[in-house]
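Structure first, then comments.
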Amino acid sequence: MAELVPDPERPRAWTLTLDGAPQSHVDLDDPRHLSFAYQRRLGHVIDLVAPANQPLHVVHLGGGAFTLARYVAATRPRSTQQVVELDATLVQLIRKHLPLDPNARIRVRSTDARAGLAKVPDGWADLVIADVFSGARTPAHLTSVEFLSEVRRALKPDGWYAANLADGPPLGHLRGQVATAAAAFEQLALAADPAVLRGRRFGNAVLLAADRELPVAELTRRVASDPHPGRLEHGRQLADFTGGAAAVTDATAKPSPTPPPGAFD
C-alpha cells in the first residue's frame, strides 16, 4: 500500500511510504532538498559524476516519488532522464499528487527494471541508479553479475553505477553485492552509517562502481559531514569488508533480506 504523508515542517513536502516503510521524500518547492540519508548519498554521486551544471543522461531503476530525477533536473538543467518503475498505479499516484515539472526531460516507463534497462541504447548513460524494492526487498534478478553486465552495456565508458542496498547482520547480502560489483567494475566505494557497516543494525548502504577513478576524498568528506553522518569504504578496507564473499549470478541470486520489525520506526 502506498501512502503520501505530509511533512509538518515543509508546507509542500511529502514522504512516500510503501507498506508502511518510508521510501522517498519530496519537497515540491525545493527539489534540491534531500531528506533521507541514502538519498543524500546518491545526491553526492549526482553532484560528482560530472562537472557542476553539466547535463547528464541518467537511468533510474525504481521510480518511487521521482525524488532523484527531480534533483537531477533542478541541479543539472537540460539533463535527459529515463525512469523505470514497474508499479503503474504508483506512477499515476505520484503524477497526480506530486506532478513532475513539465519542462523536465524525464521519461517514465512502467515496466520491470531489468527489462527497461535492456531498452536503453548501448553507451547512453552517464549514470545508472538502482533503487528497486518490492515488498521492501530488492528482487533477485537485480543482484547478479548478469544484471551488472546490462548496466555496463548501457553506461558510457566513464559512466557510474550507484545502488541503494539494504541489509542487516550478518551482512551477507551486502558483502555479496560488493563482490558482484567488483567482478564487473574496476573501482568501488560503499557509503553507509557506521553502525550498519559494523553489522549492528539493519539499514541502507549506497554502492558506487565505475571503470574510472572515483573522487574518494570528496565523497568521504561529503558523506561524513551530512546531517546523517556516514562512512565511506573503498580500496583495501572495502575488500576486507567483503571478506571473500562470492559474486552473485542469476543462478544463485536471492532477494535482499526482509527488514526486521521496527527497522523503519
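Starting from 1, each residue takes its place in the sequence as its number.
H33 and R10 share a side-chain donor-acceptor pair at under 3.5 Å. S256 and R137 are not linked by any side-chain donor-acceptor pair at a separation below 3.5 angstrom, with hydrogens and angles left out of the test. Donor-acceptor pairing under 3.5 Å is recorded for the side chains of H25 and D7. Side-chain N/O atoms of H60 and Q81 include a donor and acceptor closer than 3.5 Å. For the residue pair Y71/D47, the side-chain donor-acceptor check at 3.5 Å is satisfied.
One hydrophobic cluster, built from ILVMFWY side chains closer than 4.5 Å, holds both V206 and V72. V128 is connected to L207 through a chain of hydrophobic side-chain contacts under 4.5 Å among Ile, Leu, Val, Met, Phe, Trp and Tyr, so both are in one cluster. Tracing side-chain contacts under 4.5 Å through hydrophobic residues (I, L, V, M, F, W, Y), one reaches Y161 starting from V59; they form part of the same cluster. Side-chain heavy atoms closer than 4.5 Å link hydrophobic residues (I, L, V, M, F, W, Y) into clusters, and following such links, possibly through other members, connects V26 to L93. In the hydrophobic clustering of ILVMFWY residues, with side-chain heavy atoms under 4.5 Å counting as a link, V49 and L232 come out together.
R41 and H228 get closest at one heavy-atom pair: NH2-O, 3.2 Å. Heavy atoms only, all atoms of each residue included: P77 and P55 are closest at O-CG, 3.5 Å. Taking all atoms of both residues into account, the shortest heavy-atom contact from L219 to H44 is CD2-CB, 4.2 Å. Contact record, W14 with L98: CD1-CD2, 3.3 Å, taken as the closest heavy-atom pair. The two residues N204 and V196 have their closest heavy-atom pair at O-CG1, 4.3 Å. Between F36 and S24, the shortest heavy-atom contact is CE2-N, 3.5 Å.
When side chains are defined from C-beta on, L61 does not count as touching D131, because their heavy atoms never get closer than 4.5 Å. Between E218 and R222 the shortest side-chain heavy-atom distance falls below 4.5 Å. Taking 4.5 Å as the limit, every side-chain heavy atom of T17 sits out of range of all side-chain heavy atoms of Q23. The side-chain heavy atoms of V145 and L148, taken from C-beta on, include no pair separated by under 4.5 Å. Taking 4.5 Å as the limit, some side-chain heavy atom of L208 sits within range of a side-chain heavy atom of L214. Side-chain contact between V216 and Q187 is absent, with no heavy atoms from C-beta onward closer than 4.5 Å. Taking 4.5 Å as the limit, every side-chain heavy atom of T111 sits out of range of all side-chain heavy atoms of L86. Proximity of V178 to L165: side-chain heavy atoms (C-beta onward) are nowhere separated by under 4.5 Å.
Considering CZ of R40 and CG of L34, their distance stands at 6.5 Å, rounded to 0.5 Å. In this structure, the separation between CD on Q237 and CG on L197 is 10.5 Å, given to the nearest 0.5 Å. The line from NE2 of H97 to CG of L4 is 6.5 Å long, rounded to the nearest 0.5 Å. Taken from CG in D122 to CH2 in W124, the straight-line distance is 13.0 Å, to the nearest 0.5 Å. To the nearest 0.5 Å, atom CG of residue L117 and atom CG of residue D112 are 10.0 Å apart. Taken to the nearest 0.5 Å, the CG atom of L90 stands 6.0 Å off from the CG atom of L18.
Atom NZ of K156 has more than 12 neighbouring heavy atoms from other residues, nucleotides or ligands inside a 6.0 Å radius. Annotation: R200, atom CZ; neighbour count of heavy atoms from other residues, nucleotides and ligands within 6.0 Å does not exceed 12.
Under a 3.5 Å cut-off, the side chain of D226 and the backbone N or O of P229 do not form any donor-acceptor pair. Without hydrogens or angle criteria, D19 side chain to M1 main chain gives a donor-acceptor distance under 3.5 Å. In this structure a side-chain-to-backbone donor-acceptor pair under 3.5 Å is missing from Q82 to V58. A donor-acceptor pair under 3.5 Å is absent between the side-chain atoms of R201 and the main chain of P169, judged by distance alone. In this structure a side-chain-to-backbone donor-acceptor pair under 3.5 Å is missing from D211 to F185. Side chain of R32 to backbone of R70: no donor-acceptor contact under 3.5 angstrom is found. Under the 3.5 Å distance criterion, the side-chain polar atoms of R76 are left unmatched by any main-chain donor or acceptor of L56. Not one N or O on the side chain of S79 forms a donor-acceptor pair closer than 3.5 Å with the backbone of A73. A donor-acceptor pair is defined here as one N or O able to donate and one able to accept, closer than 3.5 Å; such a pair exists between the side chain of E146 and the backbone of D250.
The pair D193-R231 does not count as a salt bridge, with every side-chain nitrogen at least 4.0 angstrom from each carboxylate oxygen. Between D240 and R236 a salt bridge is recorded (basic side-chain N to carboxylate O distance below 4.0 Å).
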Given the rule in the side-chain contact (heavy atoms from CB on, under 4.5 Å) test, do L171 and H173 qualify, once you have shown the distances and angles that lead to the verdict?
CA-CA 6 Å; L171 299 179; H173 173 72; over 6 Å; no
After noting the C-alpha distance and the side-chain angles of K119 and R109, does the key distance pass the side-chain contact (heavy atoms from CB on, under 4.5 Å) rule?
CA-CA 10 Å; K119 296 180 180 179; R109 291 177 173 170; 3.1 Å; yes
If you apply the rule side-chain contact (heavy atoms from CB on, under 4.5 Å), what do you find for V151 with L155, and how did you get there?
CA-CA 6 Å; V151 171; L155 282 171; 3.9 Å; yes
May I have the step-by-step check of side-chain contact (heavy atoms from CB on, under 4.5 Å) for V45 and W160, ending in yes or no?
CA-CA 9 Å; V45 170; W160 291 6; 3.7 Å; yes
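Remark: P139 engages V132, S134, H141, L142 in a side-chain contact (heavy atoms from CB on, under 4.5 Å) (not counting sequence neighbours).
Evaluated for a side chain to side chain contact (heavy atoms under 4.5 Å, CB included) with F66, the options L16, V108, I106 yield exactly one hit, V108.
Both tests do not hold together for R114 against F147: distance to the six-membered ring centre under 6.0 Å, angle to the ring axis within 45°.
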